[in-house]
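Please read all numbers here as calculations on a predicted model, not as lab measurements.
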Amino acid sequence: MMVELEQTLRPGIEEMPGFLAFYTGADEATSSLSNVSLWVDLDAAKQLDRFQPMLDSGKPFVDKGATFERPVMNYSTLWQMQSASRN
């Protein structure tokens with residue numbers, strides 16, 4: 001379901017001011033999904049809280065038994081690291 005949702009969410013998210021990156025992952029062992037997005041600042045990140053396609057996308061997951069952590073957590077960057085050599 002999450003893979004199919006990309007085509008709905010990607011265009012709107014990519015157009016949001018301050019958007020840097022968005023990652024979605026799945027852990028099959030725990031049957032859990034995680035979204036991590038990177039933004040220039042907190043105000044930009046909070047756009048997802050009002051992004052209607054994102055809000056609407058939750059219902060089909062809930063209908064299949066999913067739960068969501070609320071409120072959505074936003075973190076300020078304390079430090080970062082990148083690979084010195086990108087292969």
Side-chain angles (χ1 to χ4, degrees):
M1 287 173 59
M2 195 64 191
V3 171
E4 295 168 2
L5 192 55
E6 179 184 3
Q7 65 187 343
T8 300
L9 299 180
R10 177 185 283 268
I13 293 171
E14 287 181 328
E15 294 299 318
M16 290 181 183
F19 168 73
L20 297 173
F22 195 96
Y23 302 89
T24 298
D27 183 338
E28 292 183 23
T30 61
S31 297
S32 62
L33 299 169
S34 181
N35 295 322
V36 175
S37 56
L38 304 176
W39 301 85
V40 296
D41 58 33
L42 184 57
D43 287 334
K46 289 188 173 194
Q47 294 174 97
L48 285 180
D49 295 343
R50 303 178 303 276
F51 183 46
Q52 198 60 49
M54 180 72 85
L55 299 172
D56 294 344
S57 70
K59 184 169 180 358
F61 287 90
V62 170
D63 290 347
K64 292 199 180 258
T67 58
F68 291 90
E69 291 185 17
R70 295 287 187 250
V72 172
M73 294 174 276
N74 291 291
Y75 300 92
S76 297
T77 302
L78 300 176
W79 57 275
Q80 69 182 43
M81 178 174 30
Q82 294 179 313
S83 173
S85 61
R86 300 259 178 200
N87 297 331

Group every Ile, Leu, Val, Met, Phe, Trp and Tyr by side-chain heavy-atom contacts under 4.5 Å, then state whether [X] and [Y] land in the same group.
| X | Y | value |
| --- | --- | --- |
| Y75 | F68 | no |
| M1 | L5 | yes |
| M73 | V36 | no |

Working to the nearest 0.5 Å, report the span between [atom1] of [X] and [atom2] of [Y].
| X | Y | atom1 | atom2 | answer |
| --- | --- | --- | --- | --- |
| R50 | M16 | CZ | CE | 8.5 Å |
| L33 | M2 | CG | CE | 6.0 Å |
| N35 | I13 | CG | CD1 | 8.0 Å |

With F19 via ring-ring contact (aromatic ring centres under 6.0 Å, His included) - residues at least two apart: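 For F19, the residues satisfying ring-ring contact (aromatic ring centres under 6.0 Å, His included) (neighbours in sequence not counted) are W39.
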Within 6.0 angstrom of E4 CD, more than 12 heavy atoms from elsewhere: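 No.
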Y23 atom OH, neighbour heavy-atom count above 12 within 6.0 Å: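 Atom OH in Y23 is not packed in, count stays at 12 or less.
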Listing, residues 51-58 side-chain donor-acceptor contacts under 3.5 Å, not counting sequence neighbours, or none:
unit_1 : atom_1 : unit_2 : atom_2 : d
Q52    : NE2    : D56    : OD1    : 2.7
S57    : OG     : M54    : O      : 2.6

Closest non-hydrogen atom pair between E6 and P11, with its separation: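 Minimum heavy-atom contact is O-CD, 4.2 Å.
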Is it the case that the side chain of Q47 and the backbone of A44 share a donor-acceptor pair, with hydrogens and angles ignored and the cut-off at 3.5 Å?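 Here the side-chain-to-backbone pair exists.
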Heavy-atom check, side chain of F22 versus side chain of L9, under 4.5 Å: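 Result no, sub-4.5 Å side-chain heavy-atom pair not found.
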